[in-house]
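Just below is one structure, and these are the notes that go with it.
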Protein chains: 2
Amino acid sequence: MSTRAPRPKPAGQRATIADVAAAAGVSKATVSRFFNHRERLLSPDIAARVEAAIAMLGYSPSPMAQALSRGKSRLIGLIVADITNPYSVAVLRGAEKACQDAGYLVMLFNLGNESGREREAIDALAGYQVDGFILNTLGRGAGVVDAVALHGKPAVLVDRRHAGMHADFVSLDNAGAMAQVCEHLLDGGWHELLYITEPQKGVSTRRERTAAFHDCVAAHAPQVKGDVFESEEGDTAGLEAALRALHQRARRGRRQAAVIAGNAVVTLRVAAAMTQLGWHFGRELGFVGFDDPEWAPLIGPGLTTLAQPTDEIGRAAAGCLIERLRGLEGAARQRLLPGELVVRGSSSLHAT
Amino acid sequence: MSTRAPRPKPAGQRATIADVAAAAGVSKATVSRFFNHRERLLSPDIAARVEAAIAMLGYSPSPMAQALSRGKSRLIGLIVADITNPYSVAVLRGAEKACQDAGYLVMLFNLGNESGREREAIDALAGYQVDGFILNTLGRGAGVVDAVALHGKPAVLVDRRHAGMHADFVSLDNAGAMAQVCEHLLDGGWHELLYITEPQKGVSTRRERTAAFHDCVAAHAPQVKGDVFESEEGDTAGLEAALRALHQRARRGRRQAAVIAGNAVVTLRVAAAMTQLGWHFGRELGFVGFDDPEWAPLIGPGLTTLAQPTDEIGRAAAGCLIERLRGLEGAARQRLLPGELVVRGSSSLHAT
DNA sequence: TTGTATGCGTTATCAT
DNA sequence: ATGATAACGCATACAA
């Protein structure tokens with residue numbers, strides 16, 4: 001019998017700090033110090049004994065108990081509007097990696113597009129003492145996610161601003177990106193433009209892109225004409241009508257017409273409508289879409305897209321938050337990352 | 001001054017059970033009982049006082065402290081091989097929903113395709129006292145995820161078996177699905193088949209589909225011929241060669257050739273190769289692919305696919321686990337869910 | 001029916 | 001340098 005076992009552990013249980021202390025013949029405090037203040041105040045010989053006991057029992061501290069005791073959990077709450085959205089997933093990936101590299105674990109809460117659950121998500125995560133939040137939420141109901149609701153914890157917003165919320169913000173440079181897209185189309189000789197977006201509903205990204213589109217068109221008037229169409233979920237008829245109208249206008253003005261899709265979801269709808277109409281990208285209509293899904297090269301002559309640096313956005317978001325967790329104070333910051341235009345067949349004129 | 005405050009809370013802090021007790025003028029135990037054993041042992045008047053105090057302070061119990069005290073966390077650990085994989089995400093979605101409905105929260109750990117991190121993931125999650133695991137891992141290194149590593153907690157496997165592991169298993173009925181696919185192709189007059197899969201490497205799902213493919217072909221020999229090709233990540237040349245060879249064989253045997261893709265990743269590769277070769281689905285080659293991505297209708301004449309009931313798979317997995325958490329004992333179970341064939345243009349012969 | 005005391009696994013504040 | 005001991009927020013056996 002080495003050291004008397006306090007209680008014969010039911011085998012399957014995790015070893016606790018008390019077990020280690022008993023096995024090493026020291027106090028719990030000493031074991032705790034081994035992890036937290038090793039060099040400063042621990043004699044080599046006793047450190048060795050503790051280390052041996054730890055190895056023998058396969059002990060590792062319980063993050064839960066640590067969180068309770070310290071008031072910090074090394075947990076980051078990540079709330080995502082819709083896990084089905086590839087954009088969100090791509091961002092999530094970058095963010096999670098950055099968090100893990102910094103020693104944080106991510107707790108994910110998926111809203112499943114039910115905006116009413118924002119509050120529930122925040123409360124649930126706060127219950128687990130997350131140290132901070134990364135928010136990629138719907139962003140409609142304004143103050144729902146207000147600072148108070150965050151329980152005094154820092155947060156970073158991704159892709160969607162919330163009015164009057166003091167928090168860092170990371171996103172694509174929407175204005176710059178839209179400018180790139182427009183210039184590219186204009187250079188290619190497409191002078192009758194239609195920007196198709198999901199219903200704006202106050203979503204910041206959608207509003208910014210729409211505004212930038214108007215700016216670009218205005219800057220090149222009157223040779224260039226531009227219009228905006230809001231595409232609703234099930235309304236295929238409306239979308240097809242808009243496409244037909246665009247084509248008509250272009251013919252009358254002896255212009256080439258092109259569509260800009262506000263995100264991958266819209267791109268999908270437009271592609272479906274084109275199939276329905278029997279039209280081809282680069283022939284009846286030019287096309288550029290925001291987001292660069294893996295299937296973009298495979299639709300017709302290939303879809304020209306504006307790729308977002310999703311991984312970087314995620315990393316930047318995590319980075320901002322972690323800096324705050326390390327004590328950085330100061331006004332809310334803004335990180336706007338540039339997009340990259342990926343040119344494929346849909347934006348160059350194909351003989352008909 | 002209603003009731004004397006024990007300590008003037010720094011405002012931003014969460015209310016604790018002690019605060020509620022003080023405000024209601026009762027003991028902490030009574031407050032605890034209000035949540036856990038309300039009806040059984042609590043007088044109405046005092047319950048009312050507690051309830052009022054709770055409402056006033058906006059109190060809710062700390063799940064962390066509860067977990068520490070109870071030894072159960074109402075947390076479920078979900079380990080996913082690659083969050084980038086849409087199949088995994090779709091399953092995750094169903095599982096998360098089912099868990100939340102049952103009052104469990106999901107902690108997500110993404111392996112990012114690094115199989116070496118399985119152990120790390122399990123340990124990290126176990127540290128947070130997760131009550132059980134849902135595993136959708138790589139499944140290569142056999143025993144890495146053995147029962148011991150699970151810290152004695154129940155687990156359910158999704159889509160990938162682990163040899164010799166006592167755990168419930170949920171997946172597509174691979175044999176049945178492959179049979180459906182083959183029958184459909186055969187009925188359509190495609191008699192020279194090629195099954196293209198990612199390198200099998202001992203992954204159970206891939207092996208099962210391949211075996212089922214061989215069975216189907218054998219059952220219809222000699223009128224039908226079938227071959228298998230393993231497509232490596234970057235090897236586009238090899239894939240194109242395989243496609244050409246298939247086409248050749250079919251011509252010689254005066255048959256129509258069709259490809260079956262083992263999953264969406266392979267489908268993407270095949271579609272890219274077809275574009276490269278200047279071939280068209282339903283003309284030079286018939287096609288059916290496992291998994292039904294949203295872009296399947298938009299490639300050429302539309303891709304015929306075998307859609308997996310991903311949402312159900314996720315729900316079933318969560319359901320199995322939760323039953324175990326409620327105490328269900330007994331041998332490991334197996335839930336094989338049927339796929340659904342979605343017929344589109346790629347599997348019907350288009351005049352050339 | 002309600003209150004008291006103890007434990008859950010840590011960290012931190014004291015002593016020593 | 002090390003060891004008691006009191007939090008942390010909650011549940012529960014035991015007393016009353």
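Chain letters run A, B, ... following the sequence lines, proteins first, then strands; residues in each count from 1. The analysis underlying the following values was restricted to heavy atoms, covering all of them including side chains, and did not include hydrogens, waters or symmetry mates.
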Requested in this report: Would you mind reading off the distance between Asn36(A) atom CG and dG9(C) atom P, rounded to a whole angstrom?
Outcome: 18 Å

Requested in this report: Would you classify Tyr59(B) as touching base, sugar-phosphate or nothing, given that sugar-phosphate means primed atoms plus P, OP1 and OP2, and contacts are heavy atoms under 4.0 Å?
Outcome: sugar-phosphate

Report task. Using a cut-off of strictly less than 4.0 Å, decide whether His37(A) has a side-chain nitrogen or oxygen near OP1 or OP2 of dT11(C). Result -> no

Report summary line: Closest of dC10(D), dG9(C), dT12(D) to the Ser32(B) side chain is dT12(D)

Report summary line: Phe35(A) CZ to dG9(C) P, in whole Å, measures 15 Å

Query raised in the report: With distance as the sole criterion, is a donor-acceptor pair present between the side chains of Arg117(B) and Asn110(B) under 3.5 Å?
Result: no

Query raised in the report: Do the side chain of Arg33(B) and the main chain of Leu42(B) share a donor and acceptor less than 3.5 angstrom apart?
Result: no

**Report entry** For atom CZ of Arg70(B) and atom P of dA13(D), their distance in whole Å
**Finding:** 13 Å

Requested in this report: Starting at atom CZ of Arg49(A), determine the distance to atom C1' of dA1(D), rounded to an integer number of angstrom.
Outcome: 13 Å

Report task. Determine yes or no for a side-chain-to-main-chain donor-acceptor pair under 3.5 angstrom, with Asp168(A) supplying the side chain and Arg333(A) the backbone. Result -> yes

Query raised in the report: Looking only at atom types and distance, does a side-chain atom of Arg74(B) sit under 3.5 Å from a main-chain N or O of Ala102(B), one as donor and one as acceptor?
Result: yes

All N/O pairs under 3.5 Å across the protein-nucleotides 1-5 of chain C interface:
residue: dT1(C); atom: O3'; partner: Ser43(B); partner atom: OG; Å: 3.3
residue: dT2(C); atom: OP1; partner: Ser43(B); partner atom: OG; Å: 2.2
residue: dT2(C); atom: OP2; partner: Ser43(B); partner atom: N; Å: 2.6
residue: dT2(C); atom: OP2; partner: Ser43(B); partner atom: OG; Å: 3.1
residue: dG3(C); atom: OP2; partner: Ser27(B); partner atom: N; Å: 3.2
residue: dG3(C); atom: OP2; partner: Ser27(B); partner atom: OG; Å: 3.2
residue: dG3(C); atom: OP2; partner: Thr30(B); partner atom: OG1; Å: 2.3
residue: dG3(C); atom: N7; partner: Arg33(B); partner atom: NH2; Å: 2.6
residue: dG3(C); atom: O6; partner: Arg33(B); partner atom: NH1; Å: 3.2

Query raised in the report: Can you find a donor-acceptor N/O pair under 3.5 angstrom joining the side chain of Ser69(A) to the base of dG9(C)?
Result: no

Query - Value in whole Å for how far the C1' atom of dT2(D) lies from CZ of Phe34(A) - result: 16 Å

Report task. Can you tell me the distance, in whole Å, between the CG atom of Leu68(B) and the C1' atom of dT6(C)? Result -> 14 Å

**Report entry** Shortest side-chain distance from Thr16(A), nucleotide among dC10(D), dT12(D), dT10(C)
**Finding:** dT10(C)

Query raised in the report: Considering only dG9(D), dA11(D), dT11(C), which nucleotide approaches the side chain of Ala65(B) most closely?
Result: dG9(D)

Report task. Check for a donor-acceptor pair, side chain of Arg315(A) on one end and backbone N or O of Glu96(A) on the other, with a separation under 3.5 Å. Result -> no

Requested in this report: To the nearest Å, give me how far apart CD1 (Ile17(B)) and P (dT6(C)) are.
Outcome: 18 Å

Query - N/O donor-acceptor pair under 3.5 Å between Ser204(A) side chain and Arg161(A) backbone - result: yes

Query raised in the report: Closer than 4.0 Å, any side-chain N/O of Gln66(B) to the OP1 or OP2 of dA11(D)?
Result: yes

Query raised in the report: What's the verdict on side-chain hydrogen bond (donor to acceptor under 3.5 Å, both in side chains) for Ser32(A) and His37(A), showing C-alpha distance, side-chain angles and the deciding distance?
Result: CA-CA 8 Å; Ser32(A) 176; His37(A) 315 279; over 6 Å; no

**Report entry** Integer-rounded Å distance: dT11(C) P and Met64(A) CE
**Finding:** 15 Å

Report task. Keeping the roles fixed (side chain from Arg49(B), backbone from Ala24(B)), state whether a donor-acceptor pair exists under 3.5 Å. Result -> yes

Query raised in the report: Given axes from five pairs at either end, by how many degrees does the helix from dT1(C)-dA16(D) to dT16(C)-dA1(D) bend, rounded to 10°?
Result: 50°

Requested in this report: Check whether any side-chain N or O of Ser73(B) sits under 3.5 Å from a backbone N or O of Gln129(B) as a donor-acceptor pair, and report yes or no.
Outcome: yes

Query raised in the report: Is Asp19(A) reaching over with its side chain to a backbone N or O of Thr16(A), donor-acceptor style, under 3.5 angstrom?
Result: yes

